[in-house]
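Beneath this line is the structure, given in structure tokens, with notes to follow.
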Amino acid sequence: MDDTKRGFWQKLKTWCKRIGIAIVLVVIAAGVYLANRFLADRPVVYADIVEHYKYGSTGGERESGFPYLIWKALPDLCADLLPGKGYQSLGMLFEGDRDLPVGMSKRRYTGIDRVFLNCAVCHTSTVRDRRESPPRLIVGMPANNFNVLAFQNFLFQCVKSDRFTPEYVIAAIEGQGNKLDLIDRYLVYPVAVFLMQDRIRMLSARFSFTNRQKSWGPGRVDTFNFAKAIFNFPGDKLAPEELAGVSDFPSIWLQRPRKVADMQLHWDGNNTKVEERNLSAAFGTGATPPTVDHKAIGRIEDWLLDLEPPAYPYPIDQARAARGKVLYDEYCATCHGRTGRDFAGEKVGKVTPIDRIGTDRGRLDSYTYELAVNQGQLYAGYDKYWFRHFRKTYGYANMPLDGIWLRAPYLHNGSVPTLRALLEPAAQRPARFYRGYDVYDPEGVGFVWDVGSEEGKPFHLIDTRERGNSNRGHEGPAYGTALSATDKDALVEYLKTF
């Protein structure tokens, strides 16, 4: 071989090596880029514990999260399916210029920003002194603004509609001023649309029991019929008595004394372990045993142990409250604790049989023995978290009354609008009232319930004659409903101090 040919092949060999090295480098760079983009798992983290509570992750975005830009676009894409403007019309609360409501977290996962609900969406609300007053956001109180069933139905209807296609969804995203790169436009978001369609069809079938129920209204949830969906209980075959299990969101202050005393938790007292109760609630935020963020939830658990409710902000007649304390000690302390901070009492955190308390039994009947047995399998592969304490009970638990002024409407199903009304026999309690208003009623101790309407507010008319809404029970001489009007006013005045 002459020198010319030898030189040519040497140059060709050198260029081939260079091209090969370049290809390898490109592949490595592409792999690093794709790994960083699609394998990242990064929640938005907040150092401040209150911000963490309001916007921190429980891990639910990993399996149940909505693509962030799709979530933002849905109210524009399906505006006609909302009762008003935006997610606010479903009772979700927004602070300042934040684009996510209180109770929604964000996490970068599988190459996309994903969002989902957290604990605060069900346990944060607002209070106004008057209609024209600015709302005060209060963490830990029941979310009596949020209409979770309307939220679910909006998502189901929008994602199942003809508008929910890659073409329309991407147009809605870009119509809000967002710029998608080529990978997002032609791969990530089209795939996300189809995955959401598939998942919503599955969830719609699992939650079919809600099609047999009347609207719940804001501030209420059917906790344990949703839990049955986890185990694939056929929603269309649930017994009629199981379908009336809608109850109020509870407050979640002062968990330490509840934990120390092993109080029976949930409305029917079906568990005595705060940690199991919390992990059970995390299913409602989309977190499953493989995806739950235990560290993030642990921060909230520790904070809630000693979180106190805010003090009653309006004037209290101290002389009348002193008379009320005597009455409270006689009629209430044994079941509900000595004060709003001292939970000592023989029957506090214990279940009172349904035939004695006499309140609506729908929530009790919705929690079945079969569900309790199945819950014993949750976290079975994670010995530290394995559920071992769920039990079927026979009544409702006597709750401590910390922050009782913020926990209206009253009884487990939210069927009595004010504390003052609760001290009347059932026949004299309001048979129909609106819930979902945040203007406070210091006289009755509760929220204004005869409101009619206010633009942008998600009011809902409760008819206590309907199944699951009964306002009966917690009445008779032992419960103070036979007291004089003067004594009832005094008792309510004292409860304002809780």
Side-chain angles (χ1 to χ4, degrees), residues 53 58-60 118-120 122-123 140 142 221-228 230-231 245 247-308 335-337 341 343-353 363-364 366-403 412:
Y53 170 75
T58 64
N118 70 11
C119 308
C122 298
H123 305 290
V221 65
D222 191 342
T223 304
F224 287 107
N225 279 324
F226 272 127
K228 292 169 190 174
I230 296 173
F231 301 106
S247 57
D248 267 21
F249 294 126
S251 63
I252 54 174
W253 301 298
L254 293 174
Q255 294 301 301
R256 188 182 302 278
R258 290 165 166 86
K259 178 178 179 177
V260 170
D262 282 335
M263 290 186 186
Q264 291 185 257
L265 307 169
H266 289 134
W267 292 113
D268 61 345
N270 63 23
N271 199 305
T272 58
K273 293 301 176 184
V274 168
E275 295 81 5
E276 284 191 17
R277 188 276 315 274
N278 294 343
L279 283 178
S280 174
F283 282 105
T285 68
T288 61
T291 64
V292 64
D293 189 330
H294 290 287
K295 183 178 179 181
I297 290 178
R299 286 186 66 194
I300 297 300
E301 285 182 337
D302 291 344
W303 175 64
L304 290 176
L305 290 174
D306 301 302
L307 177 67
E308 295 205 7
C335 290
H336 296 295
R341 301 298 183 274
F343 300 165
E346 180 185 353
K347 298 179 181 178
V348 181
K350 302 294 191 293
V351 168
T352 295
R363 166 63 182 78
L364 176 64
S366 75
Y367 188 78
T368 62
Y369 173 78
E370 290 76 15
L371 177 57
V373 170
N374 276 273
Q375 284 179 298
Q377 302 306 310
L378 290 172
Y379 288 91
Y382 306 80
D383 188 67
K384 179 180 178 181
Y385 305 108
W386 191 358
F387 285 8
R388 296 178 171 92
H389 296 88
F390 276 100
R391 300 289 186 273
K392 172 64 182 168
T393 69
Y394 46 85
Y396 293 111
N398 302 316
M399 302 290 183
L401 303 183
D402 45 317
H412 70 275

The test is side-chain contact (heavy atoms from CB on, under 4.5 Å); show your working for Asp268 and Val351 and say whether it passes.
CA-CA 7 Å; Asp268 61 345; Val351 168; over 6 Å; no
Side chain Gln264, main chain Gly269, donor-acceptor under 3.5 Å
yes
Decide if atom NZ of Lys350 counts as having more than 12 heavy atoms of other residues, nucleotides or ligands within a radius under 6.0 Å.
yes
Distance (rounded to the nearest 0.5 Å) between Leu279 CG and Asn271 CG
10.5 Å
N-O pairing of Asp402 and Arg341 below 4.0 Å:
no
To the closest 0.5 Å, what do you measure between CZ (Arg256) and CG (Asp306)?
4.0 Å
Could you go through residues 375-386 and list every donor-acceptor pair under 3.5 Å that involves a side-chain atom there, pairing it with any protein atom two or more places apart or in another chain?
residue: Gln375; atom: OE1; partner: Tyr367; partner atom: OH; Å: 2.5
residue: Asp383; atom: OD1; partner: Arg388; partner atom: NH2; Å: 2.8
residue: Trp386; atom: NE1; partner: Gly376; partner atom: O; Å: 2.6

Quick check against the 3.5 Å criterion: does Asn398 have a side-chain atom that pairs as donor or acceptor with the backbone of Lys347?
yes
Are the side chain of His336 and the backbone N or O of Met399 linked by a donor-acceptor pair below 3.5 Å?
yes
Any chance you could measure Gln255, atom CD, to Glu301, atom CD, to the nearest 0.5 Å?
9.5 Å
Smallest separation among heavy atoms of Phe249 and Pro142, with atom names:
O-CB, 3.2 Å
Run the side-chain hydrogen bond (donor to acceptor under 3.5 Å, both in side chains) test against Asp222 and tell me which residues pass, sequence neighbours left out.
Gln213, Asn225
Donor-acceptor pair, Lys392 side chain versus Leu364 backbone, under 3.5 Å?
yes
Where do Thr291 and Gly286 come nearest, in terms of heavy atoms and distance?
OG1-O, 4.2 Å
Any carboxylate oxygen within less than 4.0 angstrom of a Lys/Arg side-chain nitrogen, looking at Lys228 and Glu370?
no
Reported NE2-to-CG distance for the pair His412 and Asp248, which is rounded to 0.5 angstrom
9.0 Å
Indicate the atoms forming the closest heavy-atom contact of Gly59 with Ala287, along with that distance.
C-CB, 4.5 Å
Under a 3.5 Å distance rule, please check whether Arg258 uses its side chain to pair with a backbone N or O of Leu254 as donor and acceptor.
yes
Does Asp302 have any side-chain hydrogen bond (donor to acceptor under 3.5 Å, both in side chains) partners at least two apart in sequence or in another chain, and if so, which?
none
According to the interplanar angle, ranging from 0 to 90°, do the rings of Tyr53 and Trp303 count as parallel (below 30°), tilted (30 to 60°) or perpendicular (above 60°)?
tilted
Which is it for Arg299 and Ile297 under the side-chain contact (heavy atoms from CB on, under 4.5 Å) test, yes or no, and what are the steps along the way?
CA-CA 5 Å; Arg299 286 186 66 194; Ile297 290 178; over 6 Å; no
Distance from Leu371 atom CG to Ile230 atom CD1, nearest 0.5 Å?
8.5 Å
Thr58 OG1 to Ile300 CD1 distance, which is reported to the nearest 0.5 Å
10.0 Å
Just so I know, are the side chains of Leu265 and Thr272 near enough to count as touching, which here means a heavy-atom distance under 4.5 Å?
no
Identify the heavy atoms of His123 and Pro250 that sit nearest to each other, and give their distance.
ND1-O, 2.9 Å
Asn270 vs Thr393, test: side-chain hydrogen bond (donor to acceptor under 3.5 Å, both in side chains). Steps then yes/no.
CA-CA 6 Å; Asn270 63 23; Thr393 69; over 6 Å; no
Assess the residue pair Phe390 and His266 against the criterion (side-chain contact (heavy atoms from CB on, under 4.5 Å)); give the C-alpha distance rounded to whole Å, side-chain angles, the decisive distance to 0.1 Å, and a yes or no.
CA-CA 10 Å; Phe390 276 100; His266 289 134; 3.9 Å; yes
